[in-house]
Every structure is written in C-alpha cells, then in structure tokens.
Peer 1: 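Below is the structure I would like to discuss, written out as structure tokens.
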Amino acid sequence: QVQLVESGGGLVQAGGSLRLSCVASGRTFSNYAMGWFRQAPGKEREFVAGISWNGGMTKHADSVEGRFTISRDNAKNTVYLPMNSLKPEDTAVYYCAADYRGSYYLKLAFVDYWGQGTQVTVSS
C-alpha cells in the first residue's frame, strides 16, 4: 500500500500562484511514476502532469504547459506541482497519483494509488 497526502491547495486570484505537494509513504517511492490529475465539478478527472521514477522525463497537459512544472524529490518521497499564472478554468480538486513502474504519461486507468485531493480555486 502507498499513502499519498496532498497539500498546498487554496483560493487564489487569477494570475496568482500556488505550489502543490504530495508526500508518499508505505512503499519504495522511486518505483513509481507520479503525477497530478484534476477534476472540476461536473467534469471527468483529467491528466495534468506526470513524471518518471527518476524525474528524467515529464509530461504536461497542453492546458498547463508553460505554467505548471512537475518535479520530484525521491529523498523526501515528495512530488511537487508549482502552478503559475493561474486561471479560473484551473479551478478543480487536484489529485496526486502513483503508477507502479509506470510511464511518466500516466493513464487514468493504470493509476495504482490516489491521494485524497486538494481543492484549488481561482477567482476572476
């Protein structure tokens, strides 16, 4: 079992910044590709960003490219998502995800573990 605990969400004005963090425990963190998904009210959960086990490869959704940058620190069992130039359409619950020996372009169906989610609200 892997436990994922997100933090860093909140309310911010458009154009502002937040940094999400996700701390993992329970298994060898470096065995997992990690990522972030988000789900807005009435919408399906969607991929935001993913990172390979060693941080060497990353992928970001087109909608966040250039504004969000995923990273990880395996010594701290933590994955980060700094979010800049936030827009109202970024409002959603953000979920940390772990895919055992998976790829950096995480697929929803292959995620093995999810965090509980953290709310991000961007006001206009």
Side-chain angles (χ1 to χ4, degrees):
Q1 281 280 29
V2 173
Q3 292 77 43
L4 303 173
V5 179
E6 302 103 332
S7 62
L11 172 64
V12 65
Q13 288 188 331
S17 300
L18 287 172
R19 188 178 82 153
L20 304 184
S21 299
C22 171
V23 179
S25 61
R27 292 288 175 91
T28 304
F29 184 64
S30 58
N31 282 341
Y32 292 82
M34 299 296 297
W36 292 92
F37 289 74
R38 67 186 181 187
Q39 188 166 18
K43 294 188 177 181
E44 294 186 350
R45 192 169 297 189
E46 64 175 4
F47 172 82
V48 175
I51 189 166
S52 60
W53 69 274
N54 64 354
M57 299 293 290
T58 62
K59 180 176 175 64
H60 299 81
D62 291 343
S63 59
V64 307
E65 187 73 54
R67 300 188 297 122
F68 297 6
T69 306
I70 191 170
S71 64
R72 68 189 292 164
D73 185 340
N74 285 353
K76 296 182 178 180
N77 287 3
T78 303
V79 60
Y80 303 98
L81 188 69
M83 306 184 294
N84 299 313
S85 302
L86 282 162
K87 305 174 181 179
E89 51 264 44
D90 294 318
T91 295
V93 177
Y94 283 70
Y95 296 91
C96 181
D99 182 358
Y100 180 71
R101 297 193 182 279
S103 174
Y104 61 95
Y105 48 93
L106 276 74
K107 299 295 186 183
L108 188 71
F110 299 146
V111 170
D112 294 300
Y113 299 101
W114 293 98
Q116 81 286 354
T118 185
Q119 177 70 48
V120 171
T121 303
V122 185
S123 63
S124 58

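Heads up: numbering here begins at 1 and tracks the sequence.
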Peer 1: Does one side chain, of Q116 or E6, offer a donor that lies under 3.5 Å from an acceptor on the other?
Peer 2: yes
Peer 1: Run the side chain to side chain contact (heavy atoms under 4.5 Å, CB included) test on C22 and Y80 for me, step by step, so that the C-alpha distance in whole Å, both residues' side-chain angles and the decisive distance to 0.1 Å come before the verdict.
Peer 2: CA-CA 6 Å; C22 171; Y80 303 98; over 6 Å; no
Peer 1: Return yes if some donor-acceptor pair links the side-chain N/O of S63 with the main-chain N/O of A61 below 3.5 Å, else return no.
Peer 2: no
Peer 1: For V79 and I51, run side chain to side chain contact (heavy atoms under 4.5 Å, CB included): C-alpha distance rounded to whole Å, both residues' side-chain angles, the deciding distance at 0.1 Å, then the answer.
Peer 2: CA-CA 9 Å; V79 60; I51 189 166; 4.2 Å; yes
Peer 1: Within the 4.5 Å heavy-atom criterion, are C96 and W114 side-chain neighbours or not?
Peer 2: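 Side chain of C96 against side chain of W114, heavy atoms only: no contact under 4.5 Å found.
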Peer 1: Any non-hydrogen side-chain atom of W36 less than 4.5 Å from a side-chain atom of I70?
Peer 2: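 They are in side-chain contact.
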Peer 1: Please verify the inter-ring angle class for F47 with F37; under 30° counts as parallel, over 60° as perpendicular, anything in between as tilted.
Peer 2: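 Answer is perpendicular, since the angle exceeds 60°.
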Peer 1: I need the D99 CG to S52 OG distance, nearest 0.5 Å.
Peer 2: 12.0 Å
Peer 1: Which heavy atom of L106 sits nearest to which heavy atom of G35, and what is that distance?
Peer 2: CD2-N, 3.8 Å
Peer 1: Would you indicate whether the side-chain heavy atoms of V120 and M83 approach each other to under 4.5 Å?
Peer 2: yes
Peer 1: Keeping the roles fixed (side chain from H60, backbone from G50), state whether a donor-acceptor pair exists under 3.5 Å.
Peer 2: no
Peer 1: If you measure from the Lys or Arg side-chain nitrogens to the Asp or Glu carboxylate oxygens, is any gap between D90 and R67 under 4.0 Å?
Peer 2: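 So D90 pairs with R67 through a salt bridge.
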Peer 1: Show the nearest heavy-atom pair for residues K43 and Q39, with the distance to one decimal.
Peer 2: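 That closest heavy-atom pairing would be O-NE2, 3.1 Å.
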Peer 1: Report whether Y32 and L20 are members of the same hydrophobic cluster (ILVMFWY, side-chain heavy atoms less than 4.5 Å apart, transitive linking).
Peer 2: yes
Peer 1: Does the side chain of R19 reach to within under 4.5 Å of the side chain of L81, using non-hydrogen atoms?
Peer 2: no
Peer 1: Under 6.0 Å from the OH atom of Y113, do we count more than 12 heavy atoms belonging to anything else shown?
Peer 2: yes
Peer 1: Which pair of heavy atoms, one from A24 and one from L4, lies closest together, and at what distance?
Peer 2: CB-CD2, 3.6 Å
Peer 1: Do the non-hydrogen side-chain atoms of R38 and V93 ever get within less than 4.5 Å of each other?
Peer 2: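 Not in contact.
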Peer 1: Tell me the closest heavy-atom pair linking G102 and A33, and the distance in Å.
Peer 2: O-CB, 3.5 Å
Peer 1: Which distance, rounded to the nearest 0.5 Å, do you find between the CG of N54 and the OH of Y104?
Peer 2: 12.0 Å
Peer 1: When you check the side-chain N and O atoms of N74 and S30, is any donor under 3.5 Å from an acceptor?
Peer 2: no
Peer 1: Check whether NZ of the Lys or CZ of the Arg R72 lies under 6.0 Å from the centre of the six-membered ring of F29 and within 45 degrees of that ring's axis.
Peer 2: yes
Peer 1: Grouping I, L, V, M, F, W and Y whenever their side-chain heavy atoms are under 4.5 Å apart, do W53 and V2 come out in a common cluster?
Peer 2: no
Peer 1: At what distance, to the nearest 0.5 angstrom, does CG of L86 lie from OG of S123?
Peer 2: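 L86 atom CG to S123 atom OG measures 10.0 Å (nearest 0.5 Å).
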Peer 1: Report the distance from atom CE of M34 to atom CG of N77, rounding to the nearest 0.5 Å.
Peer 2: 9.0 Å
Peer 1: How far does CG of N31 sit from CZ of R101, to the nearest 0.5 angstrom?
Peer 2: 4.5 Å
Peer 1: Passes side chain to side chain contact (heavy atoms under 4.5 Å, CB included), V48 versus Y94? Steps please.
Peer 2: CA-CA 9 Å; V48 175; Y94 283 70; 4.3 Å; yes
Peer 1: Can you tell me if E89 and T91 form a side-chain donor-acceptor pair at under 3.5 Å?
Peer 2: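 No, no side-chain donor-acceptor contact under 3.5 Å.
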Peer 1: Start with the C-alpha gap between V111 and Y95, add the side-chain angles, then the distance that decides, and say whether side chain to side chain contact (heavy atoms under 4.5 Å, CB included) holds.
Peer 2: CA-CA 11 Å; V111 170; Y95 296 91; over 6 Å; no
Peer 1: Output the distance between atom OG (S124) and atom NZ (K87), rounded to the nearest 0.5 Å.
Peer 2: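 NZ of K87 is found 14.0 Å from OG of S124.
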